[in-house]
Participant: 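Right, I'll just put the structure down here and ask away after.
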Amino acid sequence: MAKIQMTTPLVEMDGDEMTRILWQMIKDELICPYVDLKTEYYDLGLEHRNETDDKVTMDSALATQKYGVAVKCATITPNAARMTEYNLKEMWKSPNGTIRATLDGTVFRAPIIVKGIEPCVRNWEKPITLARHAYGDVYKNTEIKVPGAGKAELVFTAEDGTEIRELIHNFKDGGILQGIHNTDASIASFAKACFNYALDTKQDLWFATKDTISKKYDHNFKDIFQEIYDAEYKEKFEAAGIEYFYTLIDDAVARVMKAKGGFIWACKNYDGDVMSDMVSSAFGSLAMMTSVLVSPSGVYEYEAAHGTVQRHYYKHLEGEETSTNSVATIFAWTGALRKRGELDGNKELMEFANKLEKATLQTIESGRMTKDLALITSLKDVIVCNSQDFIKEIRKTYETL
C-alpha cells in the first residue's frame, strides 16, 4: 500500500531520556510504515540545547510559528543535579516555558479515557480539561541567592524615569529571592482562548487563582477575565447554556473532587502544571493525558503532559526491561498529524490519526497494556507488555482495523 503523503511538514521537537527512546519506536513502528513523514527536525535533548546555548529551543518555536503545527517530545528542565550529570554551561530554562512565551498560547490538557481504567475519584464520569496559562510566572522568573544581610526591594522604573518601590524583605541573614511577572495582553489572550474553547466544546468554564492573598498579581487575572467575559462572552455563554465562574484555587480543588467532570478548569501557569498532573493521575496514569498549546494566531504544538520518565531510562541504560506507557506520546503525534491534515485539507492524514488512536485504545481494552495500567485496570487476565512490545501490539491492532 502506498504511504500517505504530506504536503506541509510538521515541526518535530525531539526530547530526552525514556521518552526519546519511545519517540523513535513510535516513528519506526506506527507512523513511518504508513505515512511519508515530513518534519522539520529540532533536537531539544539537553545535551544539544547545551551545545547551542539553548538557541535550538527558540529556533524550534519560531519554526512552529512558520509551519503552524508542531509535535514535541518530553524534555528535561535542569536542576542542580542535572547541571552536574550533563556538565551544563548553565541551568537552562524550561524549553516548554520558552516555547509557550514565544507562541503566547494556552495549554489545554485532558485525560485519555479508555474502558477498564476507572478514575480514582469515583464520581468523575467525564474528562476534566485543564486550561493552563502558557506565559510568565515561575517559568520566566528571575532568582537571586541572597548572600547575607541586606534590604530587598521591588523596583519598577517607568520610561520617564519615575520609580515605584516596594520593600520585599529586610534580610538579617542569607536567603532567596524570586521575581515573576505577567502582562495584561497575555492574560487577555489566555482568557479569550478559554472562553472560545468553552464555547467550541460546550463546556462550563471555571477559573481559579488566590486573589485573597495575591491582591494585585492574582487579582489582575480575575479582573481581566471578568471584564472580557462581561464585554464579549456573557451573552454567548447564556445562549449556549454554559456557565463561567470564578473561585479561589483551594475552593476549586474541593469542588473538583466532588464534581462529575465534563468542564474546563482554567489555571495560572504553575497551578495548571500541578493540577493537570493531579487530574491525569486520578484518571489513571500520568501517561494518559493529552496536551496541546494553542496560540492566539492558531498555531498548535502537541506533546504528552508527562515528563521524561527518568527512572525507566536509567533501567534501560542498564539493559533492564521497562514497561513504559507511550499512549500520551502517541496521541501527541496523532493530534499533530490530524491538525496538519485538517489545515492542509488532507483527509487521509486525518483518518490515519483517528485510526491509530482507535487502535491504541482497542489494544488496551483487549487486555494488552503497560504495567502502570495493569496495576489499576478492572479488566481480568491482562497481558503486561514491555515498552517496545506494547507499541508492536498497537501496530497489530491497527493492521486489523
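Residue numbers run from 1 in the order of the sequence given.
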Participant: Grab the two heavy atoms, one from S186 and one from D104, that are nearest each other, plus how far apart they are.
Facilitator: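 Looks like OG-OD1, 3.0 Å.
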Participant: Answer with yes or no after comparing the ring centroid distance for H181 and F156 against a 6.0 Å cut-off, counting only values under it.
Facilitator: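 They do not qualify: ring centres at least 6.0 Å apart.
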Participant: Identify the two heavy atoms, one from I168 and one from E153, that lie closest to each other, and give their separation to 0.1 Å.
Facilitator: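 Reported closest heavy-atom pair: CD1-C, 3.6 Å.
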Participant: Any side-chain heavy atom of D16 within less than 4.5 Å of one from C73?
Facilitator: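 Of all side-chain heavy-atom pairs linking C73 with D16, none is under 4.5 Å.
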Participant: Centroid separation under 6.0 Å, is that true for the rings of Y34 and Y398?
Facilitator: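 Yes; Y34 has its ring centre under 6.0 Å from that of Y398.
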Participant: Can you name the nearest heavy-atom pair linking N269 to G136, along with the distance?
Facilitator: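 Closest heavy-atom pair between N269 and G136: ND2-O, 3.3 Å.
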Participant: Supply the atom-to-atom distance N325 CG to S387 OG, rounded to the nearest 0.5 angstrom.
Facilitator: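 N325 CG to S387 OG: 9.0 Å, rounded to 0.5 Å.
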Participant: Flag yes if more than 12 heavy atoms outside I144 fall under 6.0 Å of its CD1 atom; otherwise flag no.
Facilitator: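 Not more than 12 within 6.0 Å, no.
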Participant: Is the distance between the ring centroids of Y229 and F195 less than 6.0 Å?
Facilitator: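 When the ring centroids of Y229 and F195 are compared, they turn out to be within the sub-6.0 Å range.
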Participant: To the nearest 0.5 angstrom, please state how far the CG atom of L30 sits from the NZ atom of K392.
Facilitator: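 Those atoms lie 11.5 Å apart.
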Participant: Could you tell me how the ring of Y244 sits relative to the ring of F237: parallel (under 30°), tilted (30 to 60°) or perpendicular (over 60°)?
Facilitator: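 Perpendicular.
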Participant: Looking at E166, I want to see if its CD is surrounded by more than 12 non-hydrogen atoms of other residues, nucleotides or ligands under 6.0 Å.
Facilitator: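 Counting neighbours around CD of E166, 12 or fewer heavy atoms of other residues, nucleotides or ligands fall under 6.0 Å, so no.
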Participant: Please enumerate all residues that pass ring-ring contact (aromatic ring centres under 6.0 Å, His included) together with H48, with sequence neighbours excluded.
Facilitator: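 H48 satisfies ring-ring contact (aromatic ring centres under 6.0 Å, His included) with no other residue.
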Participant: Between CG of D389 and CD1 of I394, what distance do you get to the nearest 0.5 Å?
Facilitator: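 Separation between the atoms: 11.5 Å.
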Participant: Compare every heavy atom of G335 with every heavy atom of E357, then report the nearest pair and how far apart it is.
Facilitator: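 Reported closest heavy-atom pair: OE2-N, 4.2 Å.
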Participant: Between T77 and R82, is there a side-chain donor-acceptor contact under 3.5 Å, judged purely by atom types and distance?
Facilitator: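 No pair is found: no donor N or O on one side chain lies under 3.5 Å from an acceptor on the other.
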Participant: Centre-to-centre under 6.0 Å for F225 and Y246, is that the case here?
Facilitator: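 Not under 6.0 Å, so no.
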Participant: When you look at D54 and K93, which way does the salt bridge (Lys or Arg N to Asp or Glu O under 4.0 Å) test go after all the steps?
Facilitator: CA-CA 9 Å; D54 210 27; K93 290 185 179 292; over 6 Å; no
Participant: Would you please say whether a donor-acceptor pair under 3.5 Å links the side chains of E47 and Y86?
Facilitator: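 No, no side-chain donor-acceptor pair sits under 3.5 Å.
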Participant: Check whether Y139 forms a cation-pi arrangement with R132 (NZ or CZ under 6.0 Å from the six-membered ring centre, at most 45° off the ring normal).
Facilitator: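 Yes.
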Participant: Once ring-ring contact (aromatic ring centres under 6.0 Å, His included) is applied, do any residues pair with F283, and if so which ones, sequence neighbours excluded?
Facilitator: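 Once residues adjacent in sequence are excluded, the partners of F283 under the ring-ring contact (aromatic ring centres under 6.0 Å, His included) criterion are W124.
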Participant: Check this for me: L401, atom CG, are more than 12 non-hydrogen atoms of other residues, nucleotides or ligands nearer than 6.0 Å?
Facilitator: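 Correct, the count exceeds 12.
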Participant: Specify whether Y300 and Y302 have parallel, tilted or perpendicular ring planes, treating 30° as the upper limit for parallel and 60° as the lower limit for perpendicular.
Facilitator: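 Correct class here is parallel.
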Participant: For E243 and W206, does a side-chain donor sit closer than 3.5 Å to a side-chain acceptor?
Facilitator: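 Result is no, nothing qualifies.
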Participant: Minimum heavy-atom separation for T57 and S60, please, with both atom names.
Facilitator: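 Closest pair (atom of T57, atom of S60, distance): O-OG, 2.7 Å.
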Participant: Got a sec: does the NZ of K140 have more than 12 other heavy atoms crowding it under 6.0 Å?
Facilitator: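 Result for NZ/K140: open.
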Participant: Verify the neighbour count for atom NZ of K371: are there more than 12 heavy atoms of other residues, nucleotides or ligands below 6.0 Å?
Facilitator: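 No, because the 6.0 Å sphere around NZ of K371 holds 12 heavy atoms or fewer from other groups.
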Participant: List the atom of A131, the atom of T106, and the distance in Å for their closest heavy-atom pair.
Facilitator: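 For A131 versus T106, the nearest heavy atoms are CB-CG2, 4.3 Å.
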Participant: Would a distance-only check, ignoring hydrogens and angles, find a side-chain to backbone donor-acceptor pair under 3.5 Å from S323 to C385?
Facilitator: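 At least one qualifying donor-acceptor pair exists.
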Participant: Does F352 have K355 sitting over its ring (NZ/CZ under 6.0 Å from centre, angle to axis within 45°)?
Facilitator: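 Not satisfied by the 6.0 Å and 45° rule.
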Participant: Are Y41 and D14 close enough that a side-chain donor and a side-chain acceptor fall under 3.5 Å?
Facilitator: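 There is such a pair between these side chains.
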Participant: Using 0.5 Å steps for rounding, measure from the CD atom of E227 to the CD atom of E232.
Facilitator: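 These two atoms lie 11.0 Å from each other.
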Participant: Against the six-membered ring of F221, is K268 placed for a cation-pi contact (under 6.0 Å from the centre, within 45° of the normal)?
Facilitator: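 The answer is yes; both the distance and angle limits are met.
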Participant: Evaluate whether atom CD of E399 has more than 12 neighbouring non-hydrogen atoms of other residues, nucleotides or ligands under 6.0 angstrom away.
Facilitator: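 Check passes, neighbour count above 12.
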Participant: Taking everything shown except D160 itself, do over 12 heavy atoms lie less than 6.0 Å from its CG?
Facilitator: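 Yes, the 6.0 Å shell around CG holds more than 12 heavy atoms from other groups.
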Participant: Please round to the nearest 0.5 Å and tell me the distance separating atom CD1 of I383 and atom OG1 of T370.
Facilitator: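 Here the rounded value is 13.0 Å.
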Participant: Can H312 and T324 be counted as having a side-chain donor-acceptor contact under 3.5 angstrom?
Facilitator: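 Short answer, yes.
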Participant: Any side-chain heavy atom of Q5 within less than 4.5 Å of one from D36?
Facilitator: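 Yes, at least one pair of side-chain atoms sits under 4.5 Å.
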